[in-house]
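Worksheet: the structure to be examined is printed underneath.
These numbers were taken from a predicted model, which means no experiment stands behind them. Letters A, B, ... are given to chains in the order of the sequence lines, protein chains preceding strands, and every chain is numbered from 1.
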Amino acid sequence: MSYEKLTPRSQDFSAWYNEVVQRAELADYAPVRGCMVIRPYGYALWENLQKELDRRFKATGHKNAYFPLFIPLSFIQKEAEHIQGFSPELAVVTHGGGEPLAEPLVVRPTSETIIGYMFKQWIKSYRDLPVLINQWANVVRWEMRPRLFLRTLEFLWQEGHTAHATEEEAEEEALRMLNIYVDVAQNEAAIPVIAGRKSESEKFAGALRSYTIEAMMGDKRALQAGTSHNLGQNFAKAFEIQYLDKNNQLQYCWTTSWGMSTRMIGAIIMTHGDDQGLILPPRLAPIQVIVVPIWRSGNQDEKAKVLESVERIKRVLGETVRLEVDAREEYTPGWRFNEWELRGVPVRIEIGPKDIQNHQVVLARRDTREKITISQDQLAERVPALLDNIQKNLFERAKRFRDENTIELSDYAKFKEFMEGEGSRGFVRAYWCGSRECEAKIKEETKATTRCIPFEQPKSPGRCIYCGKDAKEQAIFAKAY
RNA sequence: CGGAGAGUGGCGCAGUGGCAGCGCGCUUGGUUUGGGACCAAGAGGUCGCCGGUUCAAAUCCGGCCUCUCCGACCA
């Protein structure tokens with residue numbers, strides 16, 4: 001590990017981001033362009049996020065299953081908008097076992113089609129509904145410009161797929177799952193998000209309506225952190241997912257799909273990190289507390305006493321918090337402090353000869369880098385409370401940052417000025433008439449896209465920021481990842 | 001696919017035709033340890049690939065490949 005300082009966030013955000021990902025050992029570049037290796041520390045973070053999502057999916061009645069990686073090309077082509085949206089980024093297998101394949105196989109970019117095909121086999125009656133399925137999987141999209149965690153050719157995610165008897169049920173499901181994403185993003189990842197509907201041009205290829213949660217990153221750009229789609233009957237019709245209702249009438253199902261990916265790890269890094277490196281929200285941090293013992297070398301007695309206290313700390317906290325000890329003698333305390341700050345551990349416990357003497361420890365919190373000295377007797381009470389406090393603080397801090405960088409505008413000249421130049425100055429809330437033309441013009445002229453039409457809207461209607469015509473709703477505009 | 005930059009020990013770089021180097025990391029020994037310690041001795045390289053020029057190429061010429069960053073596209 002090098003001694004070199006990270007590139008400051010303010011100087012070059014993407015250099016900072018790449019350095020943090022690699023030096024914190026979250027991930028590394030793979031030998032194939034656009035592919036990455038998720039290292040144990042990064043994977044542990046993903047597993048914690050998975051647990052929180054999975055728990056909520058199961059609590060709302062969903063069951064996990066697994067569908068194949070390969071999809072017949074013809075499946076993808078069945079839904080018109082779907083193939084249009086995905087064909088540019090498909091990885092296609094043309095040979096197998098040394099022979100050309102009769103029909104090329106697509107490596108799944110998402111699984112609506114193959115799951116739709118299976119739903120057709122499984123669903124016959126209204127009694128079979130709803131079908132509530134989730135799968136944890138990898139998917140492949142041949143992206144032009146990859147970026148660690150945010151956009152890689154292969155990524156990990158969960159994709160939920162459900163089938164319902166009525167439009168209302170499907171709509172309710174899509175919103176229910178979006179709310180779970182809001183909950184996980186805000187309460188686990190400490191990332192404030194704006195929930196809303198995607199515009200027609202930004203919605204999922206083949207969906208009736210797409211819902212999204214949008215977050216603001218540390219460079220004020222927007223990141224889509226999760227999506228949920230009401231697919232209407234589009235896929236049901238393409239794959240003939242039909243059931244007989246109570247009146248013996250054949251009906252098409254209403255389906256949904258929803259996903260959250262390893263991109264969330266990128267969101268966590270870019271929302272909370274600082275010039276020292278990563279800052280992980282306690283609830284998802286693989287290591288919540290790192291203990292750094294300190295002693296003078298050659299003083300065996302002192303070392304024994306310090307390590308004895310460390311054992312006591314482990315006994316007191318080991319059951320309730322994810323705790324590790326870094327007792328490496330080849331690194332000075334200062335080196336270890338920096339190392340664990342780079343890796344984003346929320347709380348550090350420093351314990352050395354002075355502390356032993358006074359029966360105390362030093363707690364250093366990662367978010368504010370503040371140090372507090374407490375009695376060892378208070379550990380069991382103070383450490384979990386501190387973790388909670390950090391979790392809250394991270395969320396509040398990120399929310400404040402987002403709100404400070406969100407502006408409501410009604411004048412297009414001001415809008416343009418706000419979006420001008422490289423980088424981003426934040427989110428704009430503005431009335432928008434809903435037309436594709438205005439949206440496209442705005443994008444062309446400012447590089448800002450509609451991120452979502454938030455559920456929370458002002459009471460009164462207004463005038464479109466671009467064309468000035470009547471507009472029922474406001475949209476969030478921003479430069480996005 | 002357009003624009004920019006880079007490929008030389010694990011990482012970061014220097015090296016404009018003549019012995020392949022520096023810093024960090026790594027190994028060993030010793031001294032250290034409350035905010036990125038120090039000393040000493042080591043290990044580690046077909047200089048991205050192919051071809052050409054030359055007595056001689058990391059260096060010059062031609063071609064190719066790869067990666068990163070910025071744009072178009074996207075979870």
Side-chain angles (χ1 to χ4, degrees), chain A residues 1-7 12-15 17-19 22-23 28-35 84-90 109-110 138-159 181 198 201-202 204-205 210 212-215 222-229 257-267 276-277 292-299 302-303 306 327-342 348-357 360-362 364 369 371 373 422-423 443-444 447 449 479-481:
Chain A
M1 190 67 36
S2 140
Y3 276 175
E4 274 166 59
K5 282 225 176 342
L6 287 168
T7 301
D12 183 343
F13 195 82
S14 47
Y17 177 81
N18 285 324
E19 288 171 25
Q22 289 176 83
R23 287 180 48 187
D28 212 342
Y29 288 107
V32 179
R33 180 196 76 93
C35 293
Q84 233 189 337
F86 281 103
S87 61
E89 50 188 52
L90 292 179
T110 178
N138 57 341
V139 286
V140 169
R141 299 180 186 180
W142 217 262
E143 300 289 355
M144 293 301 164
R145 205 155 78 70
R147 210 157 144 63
L148 291 168
F149 285 113
L150 301 178
R151 199 183 306 106
T152 46
L153 298 202
E154 178 189 3
F155 60 92
L156 303 183
W157 74 347
Q158 58 68 217
E159 46 180 326
Y181 292 150
K198 278 288 185 192
S201 59
E202 295 275 335
F204 177 75
S210 285
T212 177
I213 54 172
E214 297 286 326
L223 184 82
Q224 177 174 316
T227 44
S228 181
H229 316 290
S257 68
W258 26 275
M260 188 176 260
S261 72
T262 40
R263 174 181 256 200
M264 269 300 277
I265 294 172
Q276 304 300 315
V292 179
I294 301 155
W295 60 80
R296 282 169 296 207
S297 78
N299 191 334
E302 189 171 281
K303 178 178 173 180
V306 170
R328 291 177 294 179
E329 290 188 72
E330 63 269 34
Y331 295 111
T332 61
W335 195 95
R336 285 176 282 165
F337 295 170
N338 281 291
E339 172 74 1
W340 292 108
E341 283 179 9
L342 170 66
R348 178 176 68 244
I349 298 182
E350 302 171 14
I351 179 157
K354 275 185 273 176
D355 306 304
I356 301 293
Q357 211 165 39
Q360 65 185 30
V361 295
V362 174
R369 303 186 77 217
K371 289 195 187 191
T373 302
E422 288 302 303
K443 183 175 177 182
E444 196 184 305
K447 287 178 185 165
T449 52
K479 291 182 185 168
Y481 274 96

Margin query: Any base atoms under 4.0 Å from A:G352, or only sugar-phosphate, or nothing? Heavy atoms, all strands.
Written below: base

Under a 3.5 Å limit on both distances, the Watson-Crick or wobble mate of B:A41 is B:U27

Check: With a non-hydrogen cut-off below 4.0 angstrom, is A:R328 in contact with a base, only sugar-phosphate, or nothing?
Finding: nothing

Would you classify A:V362 as touching base, sugar-phosphate or nothing, given that sugar-phosphate means primed atoms plus P, OP1 and OP2, and contacts are heavy atoms under 4.0 Å? base

When rounded to whole Å, the CZ to C1' distance for the pair A:R336 and B:A37 reads 12 Å

Next on the checklist: When you measure from the side chain of A:R336 to the backbone of A:Y331, do you find a donor-acceptor pair of N or O atoms at a distance under 3.5 Å?
Outcome noted: yes

Query raised in the report: Quantified in whole Å, what is the P atom distance between nucleotide B:G48 and nucleotide B:A20?
Result: 15 Å

Atom CG of A:N338 and atom C1' of B:G34 are separated, to the nearest Å, by 13 Å

Rounding to 0.5 Å, atoms CH2 (A:W157) and CZ (A:R263) come to a distance of 11.5 Å

Between the CG atom in A:L6 and the CG atom in A:N18, the distance rounded to the nearest 0.5 Å is 11.5 Å

request  = Answer yes or no: side-chain N or O of A:K371 and base N or O of B:G34 forming a donor-acceptor pair under 3.5 Å.
outcome  = no

Shortest non-hydrogen pair, A:E143 vs A:L153, comes out as N-CD2, 3.4 Å

When rounded to whole Å, the CD to C1' distance for the pair A:E350 and B:G35 reads 8 Å

Of B:A37, B:C26, B:G34, the nucleotide closest to the side chain of A:I294 is B:G34

Can you confirm whether A:R151 sits close enough to A:R141 that some side-chain heavy atom of one is under 4.5 Å from a side-chain heavy atom of the other?
no

If I pick the P atom on B:A58 and the same atom on B:G18, what distance separates them, to the nearest angstrom? 10 Å

A:E302 atom CD is separated from B:U32 atom C1', nearest whole Å, by 13 Å

**Prompt:** When the C1' atoms of B:U33 and B:G71 are considered, how many whole Å apart are they?
**Reply:** 50 Å

Practice item. Using the C1' atoms only, state how far B:U68 lies from B:U32, rounded to an integer number of Å. Key: 40 Å

Paired to B:G7 by Watson-Crick or G-U wobble criteria (both distances under 3.5 Å) is B:C65

B:G36 -> Watson-Crick or G-U wobble partner, both distances under 3.5 Å, gives none

task: Measure the shortest side-chain to side-chain distance between A:V306 and A:I356 over non-hydrogen atoms and say whether it is less than 4.5 angstrom.
output: yes

Considering only atom C1', compute the distance from B:U54 to B:C67 and round it to an integer number of Å. 32 Å

A:E339 CD to B:G25 C1', in whole Å, measures 13 Å

5' to 3', nucleotides 67-75 of chain B under a 4.0 Å protein heavy-atom cut-off (B base, S sugar-phosphate only, - none) gives SSSBBBBBB

Against the side chain of A:P333, the closest entry in B:C26, B:G34, B:A37 is B:G34

Judged by nearest nucleotide, the residue sitting upstream toward the 5' end of RNA chain B, A:Y331 or A:I356, is A:Y331

In this structure, CZ of A:F204 is separated from CZ of A:F86 (nearest 0.5 Å) by 4.5 Å

Distance-only donor-acceptor test, A:R348 side-chain atoms vs B:G35 base atoms, 3.5 Å = yes

Interatomic distance, CZ@A:F155 vs OG1@A:T262, rounded to 0.5 Å, equals 7.0 Å

Answer for the Watson-Crick or wobble partner of B:U54, both distances under 3.5 Å, is none

- Message: Within the structure provided, determine whether A:S261 and A:Q224 are in side-chain contact (heavy-atom separation under 4.5 Å).
- Response: no

Rounded to whole Å, the CH2-C1' distance (A:W335 to B:G34) equals 17 Å

When rounded to whole Å, the CG to C1' distance for the pair A:D28 and B:C11 reads 11 Å

Separation of B:G29 atom P from A:E330 atom CD, nearest Å, is 12 Å

Discussion item. Taking B:A41 as the reference, what is the distance to B:G5 when you measure between their C1' atoms (whole Å, please)?
Written reply: 40 Å

### Query
If we take the P atom in both B:C1 and B:C38, what is their distance in whole Å?
49 Å

inquiry  = Taking only the C1' atom of each, what is the distance from B:C19 to B:A56 in whole angstrom?
reply    = 13 Å

If pairing means Watson-Crick or G-U wobble with both distances under 3.5 Å, then the partner of B:G12 is B:C22

